[in-house]
Amino acid sequence: IPESGHKYYLQFSTEDYRTGEEAGNCLATVLFPKKKSRPVVSIKCSHTKDQKEIQEEDNTFYQRIRHQSKPITANNIPDSYGNIEPALEPVWALAVAGSSSIMWEKSTETLGYFLAQVKSVRQWIRKDDFIEFDYTVLLHEMPTQEIISCHMRLTWLPGQPLKVKHFCAPEGHGAEQGSGAESGSAAGPSAEKGAGF
């Protein structure tokens with residue numbers, strides 16, 4: 001599109017992250033603007049999975065995390081052999097979801113990202129119903145093969161969008177500020193606790 005950038009039309013299927021079952025089909029348009037800014041995405045999906053079933057799975061997932069006897073802390077997920085302890089699978093799944101918003105924000109027409117590893121994770125205990133985690137994640141940049149470290153604070157309550165606030169510092173480069181008060185950033189009570197947020 002002259003003066004605007006390149007627009008792509010995509011058709012793809014989705015699958016359940018845990019089970020691998022088909023979850024639906026999507027049509028999307030992605031515009032990579034000429035000026036350096038995040039891609040503009042418009043997406044419509046048809047779900048093959050029942051919405052009530054999805055809500056029940058979200059609730060089970062949430063209750064499993066919410067009712068830990070002590071806050072979750074862990075390092076190196078997956079480990080150096082690619083293994084993830086079953087007890088840490090929910091923590092990994094949240095990292096995948098949260099880091100996808102960082103990848104969307106950082107991706108360009110020629111650069112893409114994959115979550116390589118959760119270096120560390122710590123759960124915050126909150127007085128409200130939200131669950132909250134601090135993550136340090138490593139993103140694999142393609143095609144440069146660079147590994148980028150990002151700090152991510154994630155808050156979530158079933159039925160509400162995942163809130164992610166992040167700060168990335170690419171290796172060999174100066175620190176790069178991540179999200180601010182943009183849509184999708186954590187705000188309110190969670191923003192007042194430590195770790196630079």
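This chain uses plain numbering: 1 for the first residue, then up along the sequence.
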Between K106 and C168, what is the shortest heavy-atom contact and its length? CD-SG, 4.1 Å

Are there over 12 heavy-atom neighbours, none belonging to Q11, within less than 6.0 Å of that residue's CD? no

Where A116 and P78 come nearest, the two heavy atoms and their spacing: O-CD, 3.9 Å

Please report the closest heavy-atom contact between F130 and R66, naming both atoms and the distance. O-NH1, 3.2 Å

Got a sec, which residues hit ring-ring contact (aromatic ring centres under 6.0 Å, His included) with F32, two or more places apart in sequence or on another chain? Y8

What residues form a salt bridge (Lys or Arg N to Asp or Glu O under 4.0 Å) with R122, not counting sequence neighbours? none

Taking W104 as the starting point, is it possible to reach V30 by hopping between hydrophobic residues whose side chains are less than 4.5 Å apart? yes

Please name the pair of heavy atoms, one in L111 and one in Y113, separated by the smallest distance, quoted to 0.1 Å. CD1-OH, 3.9 Å

Cluster overlap L88 with V96, hydrophobic side-chain contacts below 4.5 Å: yes

Neighbour count >12 (heavy atoms, 6.0 Å) for atom CD, E22: yes

Show, in sequence, the C-alpha distance, side-chain angles and deciding distance for H166 and V137, and conclude whether the side-chain contact (heavy atoms from CB on, under 4.5 Å) test is met. CA-CA 10 Å; H166 74 276; V137 295; over 6 Å; no

Assess, by modelled atom type and distance only, whether the side chains of K119 and N76 contain a donor and an acceptor separated by less than 3.5 Å. yes

With sequence neighbours excluded, tell me which residues meet ring-ring contact (aromatic ring centres under 6.0 Å, His included) with F61. W156

Shared ILVMFWY cluster between L10 and V40, side chains joined below 4.5 angstrom? no

May I ask you to check whether over 12 heavy atoms, not counting those of K34, lie within 6.0 Å of atom NZ? yes

What are the two closest non-hydrogen atoms of G112 and S107, and how far apart are they? CA-OG, 4.2 Å

Look at the side chain of T14 and the backbone N and O of G24, then say whether any donor-acceptor pair between them is shorter than 3.5 Å. yes

Hydrophobic clusters here meaning ILVMFWY residues chained together by side-chain heavy-atom distances under 4.5 Å, can you tell me if I43 and I54 are in one? no

Flag yes if V118 and L162 sit in one hydrophobic cluster, no otherwise; membership is Ile, Leu, Val, Met, Phe, Trp, Tyr, and two members link when side-chain heavy atoms are under 4.5 Å apart. yes

Note: N75 and S120 closest approach over all heavy atoms is OD1-CB, 3.2 Å

